[in-house]
Amino acid sequence: QVQLVESGGGLVQAGDSLRLSCAASGRTFRTYIMGWFRQAPGKEREFVAATTRSGSITQYADSVKGRFAISRDNAKNTAYLQMNSLKPEDTAFYYCAASSSPVIVASESVYNYWGQGTQVTVSS
């Protein structure tokens, strides 16, 4: 089992950058695929990015490709989401999640553990 705690959200202007962190408890962090999802007001939660256990393979939603970068530091039990060139449409509650799936899957149904989320607001 793993517990996840996100941090790093905030209010920024369009074009700014933010880095979200996801700190995991336990010694099994490296055994999980890590993903980031987001949910905007009135919308369903959507996939943002994910990375494999080693961090060598990543996958992104088309809407963030080229602007966001997911990474992880297994020694620190932490996953990151670097968000650059932020847009107002990136405004959402961002969640990190851990999956025991053998491969990256964009569906939230395969993610076993979730953090409480952190708010990101981008003003125009």
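No hydrogens, no waters, no symmetry mates; every other heavy atom, side chains included, goes into these values.
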Nearest-0.5 Å distance, [atom1] of residue [X] to [atom2] of residue [Y]:
{"X": "I104", "Y": "Q59", "atom1": "CD1", "atom2": "CD", "answer": "5.5 Å"}
{"X": "T51", "Y": "I57", "atom1": "OG1", "atom2": "CD1", "answer": "8.0 Å"}
{"X": "R72", "Y": "S21", "atom1": "CZ", "atom2": "OG", "answer": "13.5 Å"}
{"X": "S85", "Y": "R67", "atom1": "OG", "atom2": "CZ", "answer": "7.0 Å"}
{"X": "E46", "Y": "E44", "atom1": "CD", "atom2": "CD", "answer": "10.0 Å"}
{"X": "N84", "Y": "R19", "atom1": "CG", "atom2": "CZ", "answer": "11.5 Å"}

Identify the two heavy atoms, one from [X] and one from [Y], that lie closest to each other, and give their separation to 0.1 Å.
{"X": "V64", "Y": "R38", "value": "CG1-NH1, 3.9 Å"}
{"X": "F29", "Y": "A79", "value": "CZ-N, 3.9 Å"}
{"X": "P88", "Y": "S124", "value": "CG-CB, 3.8 Å"}
{"X": "I33", "Y": "R53", "value": "CG1-NH1, 3.3 Å"}
{"X": "G117", "Y": "E6", "value": "N-OE1, 2.8 Å"}

Can any side-chain N or O of [X] pair as donor or acceptor with the backbone N or O of [Y] at less than 3.5 Å?
{"X": "S56", "Y": "S54", "result": "no"}
{"X": "S99", "Y": "V110", "result": "yes"}
{"X": "T91", "Y": "V122", "result": "yes"}
{"X": "R45", "Y": "F93", "result": "no"}

Does [X], at its [atom1] atom, have more than 12 non-hydrogen atoms belonging to other residues, nucleotides or ligands within less than 6.0 Å?
{"X": "Q116", "atom1": "CD", "result": "no"}
{"X": "E89", "atom1": "CD", "result": "yes"}
{"X": "K43", "atom1": "NZ", "result": "no"}

>> Side chains of Q82 and S71, heavy atoms from C-beta outward: is any pair under 4.5 Å?
In response: no
> Does T118 reach the side chain of L20, with side-chain heavy atoms less than 4.5 Å apart?
Replying inline: yes
Between [X] and [Y], is there shared hydrophobic-cluster membership here, with clusters defined by ILVMFWY side-chain heavy atoms closer than 4.5 Å?
{"X": "I70", "Y": "L18", "value": "yes"}
{"X": "Y60", "Y": "Y80", "value": "no"}
{"X": "W36", "Y": "L4", "value": "no"}
{"X": "Y111", "Y": "Y113", "value": "no"}
{"X": "W114", "Y": "M34", "value": "no"}

> Would you call the rings of F68 and Y94 parallel, tilted or perpendicular if under 30° counts as parallel and over 60° as perpendicular?
Replying inline: tilted
>> Quick test of your reading of the model: are K87 and D90 salt-bridged, counting only N-O distances below 4.0 Å?
In response: no
> For the residue pair F47 and F37, is the inter-centroid distance of their aromatic rings smaller than 6.0 Å?
Replying inline: yes
>> Does either side chain, that of N112 or that of S100, offer a donor lying less than 3.5 Å from an acceptor on the other one?
In response: yes
